[in-house]
Structures are given as C-alpha cells and as structure tokens.
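Just so it is clear, the values below take in all heavy atoms, side chains as well, and ignore hydrogens, waters and symmetry mates.
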Amino acid sequence: MSGVQLRQVTKSYGTTQVIPPLDLDFAEGEFVVIVGPSGCGKSTTLRMIAGLEPVTSGEIAIAGKDVTWAVPKERDIAMVFQSYALYPHMDVAGNMSFALRLAGRPRDEVAERVRVAADMLELTPYLERKPKDLSGGQRQRVAMGRAIVRDAYCFLFDEPLSNLDAKLRSTMRTELAILHKKLDRTMVYVTHDQIEAMTMADRIVIMEAGRVQQVGSPREVYNTPRNTFVAGFMGSPSMNFLTARVTGEGAALRVAGEGFDLPLPARLNDAVQRHGAHEVTLGLRPEHFSIRGSGGTEASEFAPVDLSVTVAEYIGSSQFLAAAIGGEPVTASIEVGPDAAPLTSGAYLFDTSRIYLFDRETGDAIV
Ligand code: ADP
Ligand code: MG
C-alpha cells in the first residue's frame, strides 16, 4: 500500500493521552492539510510521522513500509518547520545543499539538485546571499528548498507560513500549491489557519483535542460539516449559531427562535422528520445574508430576517455587519457594491437553501 497510513496511533505524555487512537490514510501524491486549534495535537501527529517523536502505541506506514520504529532518515521524508532554522553563516546554496553534502552525495548531483530547486523556488539570483540579507518570504523559500533538494517520498510541513505577513502568506499559499503540482509528492501540512486548509488541500483533516472531527475535500467540509465544531471552524467569518426549535408539520416545517422564523428547505424537512429532533442549533453562515436576494443558486429561496446592526465595516464591495437577531450576536457579510452607504438595522434576506441544523445535545449535523 502506498501513501501514508496511521493505524490506531496514540501518544501519551506521562499519564496524559494527547492523541487517542488515531487512524489516517493519505494517498500517494495527495496534499493533505491537518487543521485544528492550537494544542489539538497537529505537531505531535506530524512529528510521529516524521519519526521525531515515538508513538505510544499503533503503527505508521510510509510508501508501503512499516516505519513505526524507523529513525527519521529511514522514512524518506523531508520536513519544513515554522522556524526556518537556516544556518546563518552559510549562503543560500550552502543551506540548501547541506543535507546532501552531509550524506556524501556526489558534487555534480548536489549542484544539479540545488539548481533545479532554486529555479523552482525562484531563488537562483540569491544563491550566494546569507540568510540575514533575505526577506522573510525568501528565507521561507530557502527552508522549503532544503526539503525539496532531498526529493523525499513525503513532505511534512508544520505551520511553515505562520511567521509571514498576510500578503506574503497568501503568495506562498499559491506557490506551495504550484510546487505540489510540480513535485507530485505526498504532502502533509499542518496549520491552525482554516484559510490555508481551504485554499491548498486536496483533503482536509479537522482535528480537535487529538480526535479527527471530519475528513473531506474543502467543498465537503464547508458545505456539509459533520458537527458544530467543524461548521464553526471552517469558513470565515465563522458560522453563526442560534438556539432554535423546529415547528410546524408535514412538508412545511419551520425553524424558529427569538427574533426569527424561517421555512426549512425540503432536504432539511426530510432530515428533521427522520431524526425526530425539535430542540436544535441553527447555523447561518455570514455570507448567506443579503439585501436583495442576490448571490443565490437555483435552489435558493430567500426569507426575511431582522438584523439589529451595531457596526457596519466597509471592506470594499462587501460590508461586515456586527449585528444581533433577537438579542443574540450574529455577523453577516453582505455584498452591496463599493459605493453603498453603511448598512443599518432592518429586514435582510437569508438564503434558506443554506440553512444548517444541528442536534442541540450532541452538536451533530442533522442531514
Ligand atoms: P498543536 O501542534 O496542534 O498546537 P501539539 O501537538 O504541539 O499541538 O500538542 C498537543 C498537546 O500535547 C498539547 O496539549 C501539548 O501541551 C501537549 N504536549 C506536546 N508536547 C508535549 C511534551 N513534550 N510534554 C507534555 N505535553 C506535551
Ligand atoms: Mg503545533
């Protein structure tokens, strides 16, 4: 079996289990992003794959080989960390070639691999510079170059963009996605940033407290989150949650609470009847509010909701509203065009085909 597999892997520090039995299966060539809040066990998981941290129990296989107890250099992996840890006294070429020289690779081969990696990362003009004479983004690229020259089976990234400013992060996201296409290697990337996960991943693994909450493509986890944790974590700004009750009967169920009363789409009408739930949590994404019923799809049906608006933030063609529905805080992101006056309290429209319902007790999605 190719790719990377974790089977019932656990990790405990002393008596504290930080990773309960974990199963993961990454296909060869896939770009997987493990995302979750700080402290949920992302780095621990990655370090166990790399062999930098022993597992407490379970098995790890890379490229069809059981590597559970193999040292890092026997695993055919290359890792890039948040701290670039470049050698300050070596130039870019020296930093990139260090591991190959240490491994005693022939000079010509080392030079060629550095040339190819530098070309790919657009570092060719800087090969003779020291790290202190490079920008943050260039340093990050050197750290990646160091990994790329090794042409490993699997690349592991631990929050490599966290030290960069927002604009550079966005550029580097694109570069990483391009790099993945060029290299065609399995990549496992961990981050707390859901935007990085959404933009780069073939598949996303969402973790909370060492447990996998959902695995799926960016579209799947955004469109059909399995529970309130995933729903609240993926998407920006975050989904709004309101305490609600299902009312009505037959094919005309509604979801109502303080300050709102919305018709359920047929899909949810059926799901609620199967599930039998009445006490629910309603999930409304900020981007599904509008003023003119705009931005919908064929399935869209717009229903009115009153928002009492505290602040309207101008962000160009949209406005972010800090608002409330029946006293509960909500945010809304409304497309109005760049010349619109600040939005105020009143009736807005919500695309009811985009309503989410969750079991109020378990937080599981009702689907
Ligand atoms: P993340 O990378 O998702 O932020 P980590 O994998 O670094 O999380 O940590 C997961 C949990 O394991 C945290 O609760 C952290 O405090 C704990 N942990 C990590 N390393 C150690 C260690 N060496 N000793 C004890 N606890 C640790
Ligand atoms: Mg970490």
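Residues V190 and L22 share a single hydrophobic cluster, defined by chaining ILVMFWY side chains whose heavy atoms lie under 4.5 Å apart. Hydrophobic cluster membership differs between V18 and I206, with clusters built from Ile, Leu, Val, Met, Phe, Trp and Tyr side chains linked at under 4.5 angstrom.
Between the side chain of Q138 and the backbone N or O of S135 there is at least one donor-acceptor pair closer than 3.5 Å. Formation of a donor-acceptor pair under 3.5 Å by the S97 side chain with backbone atoms of L100 is not found in this model. Within the 3.5 Å criterion, the main-chain N or O of G250 finds a donor-acceptor partner in the side chain of N269. In terms of modelled atom types and a separation under 3.5 Å, the side chain of S12 and the main chain of T15 share no donor-acceptor contact. Here the side chain of R146 pairs no donor or acceptor atom with the backbone of M96 at under 3.5 angstrom. Between the side chain of R245 and the backbone N or O of A256 there is no donor-acceptor pair closer than 3.5 Å. Within the 3.5 Å criterion, the main-chain N or O of G248 finds no donor-acceptor partner in the side chain of R254. Without hydrogens or angle criteria, E258 side chain to L242 main chain gives no donor-acceptor distance under 3.5 Å. With hydrogens and angles disregarded, no donor-acceptor distance shorter than 3.5 Å links the side chain of T191 to the backbone of V35. With hydrogens and angles ignored, the 3.5 Å screen pairs no side-chain donor or acceptor of Q319 with any backbone N or O of G316.
Of the inter-residue distances, the one linking L127 atom CG with D119 atom CG reads 10.0 Å to the nearest 0.5 angstrom. A distance of 9.5 Å separates OG1 of T186 from CG of L156, quoted to the nearest 0.5 Å. Rounded to the nearest 0.5 angstrom, D133 CG and R139 CZ are separated by 8.5 Å.
Close placement of the F350 and F289 rings is indicated, their centers lying within 6.0 Å of each other. F98 has its ring centre less than 6.0 Å from the ring centre of Y87.
Other residues, nucleotides and ligands contribute more than 12 heavy atoms inside 6.0 Å of the NZ atom of K182. By the 6.0 Å contact criterion, CD on Q273 is enclosed, its count of non-hydrogen atoms from other residues, nucleotides or ligands being greater than 12. The number of heavy-atom neighbours closer than 6.0 Å to CZ of R185, taken from other residues, nucleotides and ligands shown, is above 12.
A parallel orientation is assigned to the rings of F31 and F157, their planes being inclined by less than 30° (bins at 30° and 60°).
Using a cut-off of 4.0 Å between Lys/Arg side-chain N and Asp/Glu carboxylate O, K11 and E53 are scored as salt-bridged. For R7 and D25, the salt-bridge test passes: some basic side-chain N is under 4.0 Å from an acidic carboxylate O. Taking a cutoff of 4.0 Å between a charged side-chain nitrogen and a carboxylate oxygen, D91 and R129 do not qualify as a salt bridge.
Within the 4.5 Å cutoff, no side-chain heavy atoms of I49 are placed close to those of R75. At least one side-chain heavy atom of L52 sits under 4.5 Å from a side-chain heavy atom of P72.
Take R203 and apply the salt bridge (Lys or Arg N to Asp or Glu O under 4.0 Å) test, not counting sequence neighbours, and it matches E30. Evaluation of the salt bridge (Lys or Arg N to Asp or Glu O under 4.0 Å) rule for E112 yields R115 as partners, not counting sequence neighbours. Partners of R113 by salt bridge (Lys or Arg N to Asp or Glu O under 4.0 Å), not counting sequence neighbours, listed by chain and number: E109. Listed by chain and number, the residues in a salt bridge (Lys or Arg N to Asp or Glu O under 4.0 Å) with R267 amount to none (sequence neighbours excluded).
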Mind listing the side-chain donor-acceptor pairs of residues 308-315 below 3.5 Å, one per line with the distance, residues two or more places apart or on another chain?
| unit_1 | atom_1 | unit_2 | atom_2 | d |
| --- | --- | --- | --- | --- |
| T310 | OG1 | A322 | O | 3.4 |
| Y314 | OH | P338 | O | 2.9 |

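Relative to the ring axis of Y356, R285 places its NZ or CZ within 45° and under 6.0 Å from the centre.
Between the side chains of S43 and R47, not a single donor N or O lies within less than 3.5 Å of an accepting N or O. Checked by atom type, the side-chain pair T68/D66 shows a donor-acceptor distance below 3.5 Å. Judged by distance alone, the side chains of S57 and T10 do bring a donor and an acceptor atom under 3.5 Å apart.
Pairs engaging residues 162-178 under the side-chain hydrogen bond (donor to acceptor under 3.5 Å, both in side chains) rule: Q82-N163, E159-S162, R173-T199 [sequence neighbours left out].
Contact record, D151 with D76: O-OD1, 4.4 Å, taken as the closest heavy-atom pair. Here the shortest heavy-atom pairing between A117 and G145 reads CB-O, 4.4 Å.
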